[in-house]
Amino acid sequence: MERYDTSVSALAHQLGVSWQALWKGVEAEATRRLARPERLAGIDALGVDEHV
């Protein structure tokens, strides 16, 4: 599975839709994925690389 980093506003601009329109879909998919506890299987530590 390929993963790409971009902001919601940048992707909305590339697709020619509003931030709000794109966010509705992103939020629905994120909510669906976060509801699956198995997504954390095998993770035993989290790291933080940067801070502001």
Side-chain angles (χ1 to χ4, degrees):
M1 173 181 181
E2 292 187 53
R3 296 176 186 217
Y4 301 95
D5 293 335
T6 190
S7 67
V8 173
S9 59
L11 185 55
H13 176 75
Q14 290 175 356
L15 296 174
V17 299
S18 70
W19 186 96
Q20 292 84 0
L22 181 63
W23 182 249
K24 283 178 76 172
V26 169
E27 184 178 33
E29 180 62 13
T31 299
R32 184 187 71 78
R33 289 182 184 205
L34 288 172
R36 298 176 50 216
E38 65 273 13
R39 76 188 190 285
L40 301 175
I43 295 174
D44 59 7
L46 296 176
V48 178
D49 294 334
E50 299 177 20
H51 69 280
V52 176

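Reckoned from all heavy atoms, side chains included, excluding hydrogens, waters and symmetry mates.
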Would you be so kind as to tabulate the donor-acceptor pairs closer than 3.5 Å made by side chains of residues 5-15, with sequence neighbours excluded?
from	atom 1	to	atom 2	distance (Å)
S7	OG	S9	OG	3.2
S7	OG	A10	N	3.0

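Sequence neighbours left out, the pairs with a member in residues 16-40 that pass ring-ring contact (aromatic ring centres under 6.0 Å, His included) are W19-W23. Within the structure, every pair that satisfies the salt bridge (Lys or Arg N to Asp or Glu O under 4.0 Å) test and touches residues 13-29, not counting sequence neighbours, is listed here: E29-R32, E29-R33. The side-chain hydrogen bond (donor to acceptor under 3.5 Å, both in side chains) pairs that include a residue from residues 35-44 are R36-E38, where partners are two or more places apart or lie in different chains.
Grouping Ile, Leu, Val, Met, Phe, Trp and Tyr residues whose side-chain heavy atoms lie under 4.5 Å apart, directly or via other members, places L40 in a hydrophobic cluster with I43, L46.
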